[in-house]
Amino acid sequence: AFRRNARKLAGDESGVTSVEFAFLSIPYFLIIAGIIEIGMVALSGATLQTGVREAGRLTRVGLGGCLSQEEYKDLICENSSFVPECEAKLSLKQEVFKTGWEDADTDKDDADIYQDATGGDVVLMTAKYPWEVMSPFMYPFMADGQGNLEIARSFVFQTEAWQTNRCRPEDEEQIEAGEEDPVNAG
């Protein structure tokens, strides 16, 4: 009886499609999830770049001197529409090089550097966002092995040679009185 039933089952091909689908669906859905994850990271990076560029434009024309680091971060996050929990996780670094790139120290990685720029400075503004990879199988390909991927976007520019720090009314008053510009003196 066992042999007869075994021969019947061996010749029966019903359900083969379901078994094949079960084997092939797992890698298929993993690939789809990976494509979605990569797309989300790319979109977040692109919108973060837009936010950094918009914030840098304020500094470039001399209007950003009024903003604190936190206000810059808020401005970047307002212009970064697809970065979840942006205000809480974003770190911002702004380095100012008075004489150009000669005094740049590219080896340091001080995340909390924030220097105010004046007219004619070369400025490097870098925003970093820790992306938490959602698909654990993507850790070896996208993350540090623990599910974290750092998205970093930078904007380098030279500020226009504005005459005053437009945030400090006392500078405006001194210049109107004929005194030397306290920000760009020397």
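It should be emphasised that the depicted structure is a prediction, and the values quoted were computed from it without experimental measurement. Just so you know, residue 1 is the first one in the sequence shown, and it goes up from there.
- Contact between W131 and S44 at its shortest, heavy atoms only, is CZ3-OG, 3.1 Å.
- When all heavy atoms are compared, the tightest approach of T159 to A117 is CG2-CB, 4.2 Å.
- Residues T59 and Q94 come closest through the heavy atom pair OG1-OE1, 4.1 Å.
- Residues G51 and I76 share a closest heavy-atom pair of O-CG1, 3.6 Å.
- For T50, the side chain to side chain donor-acceptor pair (under 3.5 Å) criterion is met by no residue, not counting sequence neighbours.
- Sorted pairs that involve residues 17-30 and meet side-chain hydrogen bond (donor to acceptor under 3.5 Å, both in side chains), not counting sequence neighbours, are lacking altogether.
- Y129 approaches E85 most closely through the heavy-atom pair CE1-O, 4.1 Å.
- K93 is not listed as a side-chain neighbour of M125, based on a closest heavy-atom distance of 4.5 Å or more.
- With Y72 as reference, L92 is the one residue of L92, V52, L90 to meet the side-chain contact (heavy atoms from CB on, under 4.5 Å) rule.
- Contact between I151 and G45 at its shortest, heavy atoms only, is CG2-CA, 3.8 Å.
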Worked check of side chain to side chain contact (heavy atoms under 4.5 Å, CB included) between M40 and M134: CA-CA 10 Å; M40 289 171 45; M134 293 178 241; 2.7 Å; yes
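- V156 has its side chain out of reach of V123: every pair of non-hydrogen atoms, C-beta onward, lies at least 4.5 Å apart.
- Taking the salt bridge (Lys or Arg N to Asp or Glu O under 4.0 Å) definition, one finds that D121 meets it with K98, sequence neighbours left out.
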Side chain to side chain contact (heavy atoms under 4.5 Å, CB included) evaluation trace for L75 with L58: CA-CA 10 Å; L75 180 64; L58 287 178; 3.2 Å; yes
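- For E150, there are no salt bridge (Lys or Arg N to Asp or Glu O under 4.0 Å) partners two or more places apart in sequence or in a different chain.
- Remark: E132 pairs with K89 by the salt bridge (Lys or Arg N to Asp or Glu O under 4.0 Å) rule, at least two apart or across chains.
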Derivation of the side-chain hydrogen bond (donor to acceptor under 3.5 Å, both in side chains) call for T126 and S154: CA-CA 4 Å; T126 304; S154 297; 3.0 Å; yes
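- Aromatic pair F155/F157: ring centres closer than 6.0 Å.
- Considering only residues two or more places apart in sequence or on other chains, E87 meets the salt bridge (Lys or Arg N to Asp or Glu O under 4.0 Å) condition with none of them.
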Derivation and outcome, side chain to side chain contact (heavy atoms under 4.5 Å, CB included), residues V122 and V96: CA-CA 6 Å; V122 175; V96 175; over 6 Å; no
Steps toward salt bridge (charged side-chain N to carboxylate O under 4.0 Å, His left out) verdict (E71, K73): CA-CA 5 Å; E71 290 170 322; K73 287 167 72 172; over 6 Å; no
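- Note on L24: it does not cluster hydrophobically with I35, by side-chain heavy-atom contacts below 4.5 Å among ILVMFWY residues.
- You'll find the side chain of S81 reaches within 4.5 Å of the side chain of T47, heavy atoms only.
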